[in-house]
Number of protein chains: 2
Amino acid sequence: MRRNRAAAFPIGDHVLRKLGIFVHLDATHLAELDRLLSETMSVDSLHDIVTEGESCKHLFLLTRGWAVRYKLLSDGRRQILGFIIPGDFFGLRATLFDVADDTVQSLTDCTVCRIPGEDFVAVLRDHPRLGMAIVWSIVREYSVLAEHLVSLGRRSALERTAHLLMELLNRLQLVRLAGERDFELPLTQEILADALGLSIVHVNRTLRRLRQQGLIRLDPQSRWIIIDRPDDLAEIADFSPLYLDQGTPPADSLLKAIRSQH
Amino acid sequence: MRRNRAAAFPIGDHVLRKLGIFVHLDATHLAELDRLLSETMSVDSLHDIVTEGESCKHLFLLTRGWAVRYKLLSDGRRQILGFIIPGDFFGLRATLFDVADDTVQSLTDCTVCRIPGEDFVAVLRDHPRLGMAIVWSIVREYSVLAEHLVSLGRRSALERTAHLLMELLNRLQLVRLAGERDFELPLTQEILADALGLSIVHVNRTLRRLRQQGLIRLDPQSRWIIIDRPDDLAEIADFSPLYLDQGTPPADSLLKAIRSQH
DNA sequence: CGCTGACTTGAATCTCTTCAAGACGTGTGG
DNA sequence: CCACACGTCTTGAAGAGATTCAAGTCAGCG
């Protein structure tokens, strides 16, 4: 891990765009965010950033690259809980409890901002709107996890795979890392298998079915995916983007109550 | 739903016991908790308390009975996300976003306390220790969900079933609703199937295997379960109670930072 | 040029589901 | 009080879906 003090504003438009959906952020908030995110780090691929069972006193924001959150069984089986993409925070629960209950690993070269836990609490106190925007971003993760659980419990391999691809398309579009129907997908079939609760072989066959039905095109070399018929893919997956909450503002009454703390 | 103002303190020892693990609660906190939980409701079984897609401005605390949190696919398949037992809060995300993303349904006759969202925010402001105890209780739910996801993705039917039974044993023991190795389990095999991502028939066969191996005894009439060999059951399930965080205090530094808001 | 990691495919096997039918206990109306 | 319906549990048999094992392809890289 290489660390460096950032001279320029360390994050791209995408994070601002994402937080801005939740509440309007003014110049004061931007300045505060700038200060909060001043410590950036580069992380090589396949590095553990947070390790299950270890202490962690920082909240992180991923600004470049992909990471996964996963848990291991004692015999080595792995289940990926979710993918972390630019604009996503991680490490809050670990910070609250002083111990992580899952491992976060980089899949590609990444850039992350590290926010000391105390600083985050201070932001919640001094800039409640900004703090709430960050909390919103984190709480949404729960919904993604719940939908993932539904996939593993009640969707077939085909439906499940289709659902994951639609989820990623939607989440990546929010931070402008996906076009109308294509994006970079830096995942091996092994990683997909660990996320989907399937064997590698079956992921391979499932992707082939999606390909043969003309729903998607994949280039394993460039790691690029084109979703030719997103509507059909969504129908197979029983996918509805509502759970991603990508446009929902918080309850007015709550915002007011929070603001009055100030 | 029948509503009534509670004359006496509405909650049993179990909730206090659970919150008290997190931080020491003094007389002021207890009085405040008493005020906060003054509105209790009785709910018949099989009632929706929170409905997916509908607005909800209240945080709830279950004090008696069992409930489930679930999601439906459009063709009627159901996945249960988790079980709610006495001492568990629910409805926070719905309150934050003003819309629920899953349904909470009572499985038995229940008693719940309803906390207006604004009151909860006020508690966070005026009694941060108590507020944090409640937040801790809610955040823990994320870990339970994650472990459930691991079960569905990477554990066999036998392992998964064993894991759920061990989880319930541990959680119920915390609120004194389970003995050393037995508790009331008011769940049909259909409900277990929807939680475990299995068919009813296979749940039946799986429970039979656990019974035949002398690991558990079940009485379908009285809805009582005896776990004869919890250690062996835990080994089959690769169960470690750590993720339930039933004894972990919060990070000191954070508590201090939170207290300084006051 | 041969190694490595990732992708691909076939065949055998196993897990879990589906369909179908029967048993048991409980509650209900004739 | 009995007959009947209903919900739940139970079991067998057939079949679909996913895994495992094994082998082979392909691109990138030292």
Side-chain angles (χ1 to χ4, degrees), chain A residues 44-46 66 68 73 75-80 107-108 151-164 184-213 216-225 236-237, chain B residues 44-46 66 68 73 75-80 105 107-108 151-164 184-212 216-225 236-237:
Chain A
D44 294 334
S45 70
L46 301 181
W66 285 58
V68 278
L73 297 187
D75 66 354
R77 280 176 287 179
R78 177 170 82 149
Q79 178 62 48
I80 289 176
L107 293 178
T108 66
S151 277
L152 296 188
R154 285 297 182 224
R155 278 189 254 254
S156 69
L158 195 74
E159 295 167 339
R160 217 181 283 191
T161 307
H163 196 277
L164 177 61
E184 194 192 350
L185 185 71
L187 310 177
T188 63
Q189 293 183 353
E190 181 176 12
I191 294 171
L192 283 172
D194 283 344
L196 295 169
L198 299 170
S199 66
I200 302 180
V201 173
H202 203 60
V203 166
N204 184 289
R205 294 193 223 275
T206 304
L207 289 174
R208 181 176 55 186
R209 281 180 64 192
L210 290 174
R211 245 186 287 121
Q212 286 174 343
Q213 292 180 27
I216 65 172
R217 270 177 290 166
L218 274 168
D219 181 0
Q221 255 61 59
S222 71
R223 296 273 136 107
W224 205 270
I225 181 171
I236 287 173
Chain B
D44 294 334
S45 71
L46 301 181
W66 285 59
V68 278
L73 297 187
D75 66 354
R77 279 176 288 179
R78 177 170 82 150
Q79 178 62 47
I80 288 176
Q105 186 182 62
L107 293 178
T108 66
S151 276
L152 295 188
R154 286 296 182 225
R155 279 190 254 254
S156 69
L158 195 74
E159 295 166 340
R160 221 182 277 193
T161 306
H163 196 278
L164 177 61
E184 194 192 351
L185 185 71
L187 310 177
T188 63
Q189 293 184 354
E190 181 177 13
I191 293 172
L192 284 171
D194 283 344
L196 295 169
L198 299 170
S199 66
I200 302 178
V201 173
H202 203 61
V203 167
N204 184 288
R205 296 193 223 274
T206 304
L207 289 174
R208 182 176 55 186
R209 281 181 63 192
L210 290 174
R211 244 186 288 122
Q212 286 173 344
I216 65 172
R217 269 177 291 167
L218 273 169
D219 181 2
Q221 254 62 59
S222 71
R223 298 270 135 110
W224 205 269
I225 182 172
I236 288 174

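Letters A, B, ... are given to chains in the order of the sequence lines, protein chains preceding strands, and every chain is numbered from 1. Reckoned from all heavy atoms, side chains included, excluding hydrogens, waters and symmetry mates.
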Between [N] atom [atom2] and [X] atom [atom1], what is the distance in whole Å?
X	N	atom1	atom2	result
B:E190	D:dC6	CD	P	16 Å
B:L218	D:dT8	CG	C1'	13 Å
A:L187	C:dA6	CG	C1'	13 Å
B:Q212	D:dT10	CD	P	11 Å
B:D219	C:dC24	CG	P	15 Å

Next on the checklist: Counting neighbours of CZ on A:R209 that are heavy atoms of other residues, nucleotides or ligands and sit closer than 6.0 Å, is the number greater than 12?
Outcome noted: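 At most 12 heavy atoms, drawn from other residues, nucleotides or ligands, come within 6.0 Å of this atom.
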
Donor-acceptor pair, [X] side chain versus [Y] backbone, under 3.5 Å?
X	Y	result
B:R154	A:Q79	no
B:R155	B:A237	yes
A:R223	A:E184	no

Checklist entry - Among the nucleotides C:dT9, C:dC7, D:dC9, which one has an atom lying closest to any side-chain atom of A:T188? => result C:dC7

Item to check | From A:I200, A:L196, A:V201, A:L198, residue fulfilling side-chain contact (heavy atoms from CB on, under 4.5 Å) relative to A:Q189 | outcome: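 When A:I200, A:L196, A:V201, A:L198 are each tested with A:Q189, the side-chain contact (heavy atoms from CB on, under 4.5 Å) holds only for A:I200.
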
Checklist outcome for this item: Scoring nucleotides 16-30 of chain D by protein non-hydrogen atoms under 4.0 Å (B base, S sugar-phosphate only, - none) yields --BBBB-----S---

Next on the checklist: Applying side-chain contact (heavy atoms from CB on, under 4.5 Å) to A:I216 and A:L207, what does each step give before you reach the verdict?
Outcome noted: CA-CA 8 Å; A:I216 65 172; A:L207 289 174; 4.2 Å; yes

Item to check | D:dC9 OP1/OP2 closer than 4.0 Å to side-chain N/O of B:N204 | outcome: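 No, because none of the side-chain N or O atoms of B:N204 sits under 4.0 Å from OP1 or OP2 of D:dC9.
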
